[in-house]
Structures are given as structure tokens and as C-alpha cells.
**Q** 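Below you will find the structure I want to go over with you.
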Amino acid sequence: MNQTATPRHAPRTGFTEKQGQYLAFIHAYTKINGRPPAEADMQIHFGVTPPTVHQMVLNLDRARLIERIPGKPRTIRVLVDPGSLPILK
């Protein structure tokens, strides 16, 4: 059987509702402000603690839904097609 493997760096297409909201926020913030949000910006928007935001960023990165440069602020880039993102609540 001949199966095509997905490249390891390719973004995943599925995400949870909560992940979708974070992705939509990152996309919208970047589009409006011309730079990605800091984790503190996400903390304020979602009303959560710094560890909660950081864990979500790590999870999004592991799931290949975003890419970022660890240790460098404001380097998050959404790898998901913007047309597949939910409306930001």
C-alpha cells in the first residue's frame, strides 16, 4: 500500500474551539497591529494566568498550528489558513 506521509513541518488542519480562539486572536492582533501579540496581550484578552497562556502557546507550537522562536518575544506566526479560523469572541 502506497501512503503519502505528511511532512513533519506541515501545519495540522484540526484544532479545538479554545485553540481556534487563540489562533484567531493571534491572527487578528497581528493584522491590526502589524506585529504578533505578546503572551501578556493574550493573558489580558482571555482573562487567564501567564502559565495558562504559555502552556497554550507551547501546545499550539507542538501541534504545528503556529511557529515561533523560543525565547524571542513577538515571533508567533499562525500556520493555519486564516479562512479556517473561527470568529473571535
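Since the model is a prediction, treat every value here as computed from it, not as a measurement. What you see below is based on every heavy atom in this structure, not just the backbone, and it leaves out hydrogens, waters and symmetry mates.
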**Q** Mind checking what makes salt bridge (charged side-chain N to carboxylate O under 4.0 Å, His left out) contact with K31, not counting sequence neighbours?
**A** none
**Q** Can you get from L60 to V48 by hopping between Ile, Leu, Val, Met, Phe, Trp and Tyr side chains that sit under 4.5 Å apart?
**A** yes
**Q** For P36, is there any backbone N or O sitting under 3.5 Å from a side-chain donor or acceptor partner on R74?
**A** yes
**Q** For the ring pair F15 and Y22, is the centre-to-centre distance below 6.0 Å?
**A** no
**Q** Looking at every heavy atom in both H45 and K89, which two are closest together, and how far apart are they?
**A** NE2-O, 3.6 Å
**Q** What closest approach, in Å, do I66 and V78 show between heavy atoms, and which atom pair accounts for it?
**A** CG2-CA, 4.2 Å
**Q** Can you check whether I87's main-chain N or O pairs, donor with acceptor, with Q21's side chain at less than 3.5 Å?
**A** yes
**Q** Does any non-hydrogen side-chain atom of R68 lie less than 4.5 Å from one of L58?
**A** yes
**Q** Can you give me the closest heavy-atom contact between T75 and I69, atom names plus distance?
**A** OG1-N, 2.9 Å
**Q** Between A24 and P86, what is the shortest heavy-atom contact and its length?
**A** CB-O, 3.5 Å
**Q** Measure the spacing between CG of L88 and OH of Y29 and express it to the nearest 0.5 Å.
**A** 13.0 Å
**Q** To the closest 0.5 Å, what do you measure between CG (N59) and CD (Q19)?
**A** 7.0 Å
**Q** Working to the nearest 0.5 Å, report the span between CG of L65 and CG of L85.
**A** 9.5 Å
**Q** Rounded to the nearest 0.5 Å, how far apart are CD1 of I76 and CD of E39?
**A** 6.0 Å
**Q** Applying side chain to side chain contact (heavy atoms under 4.5 Å, CB included) to I26 and M42, what does each step give before you reach the verdict?
**A** CA-CA 8 Å; I26 294 165; M42 290 182 265; 4.0 Å; yes
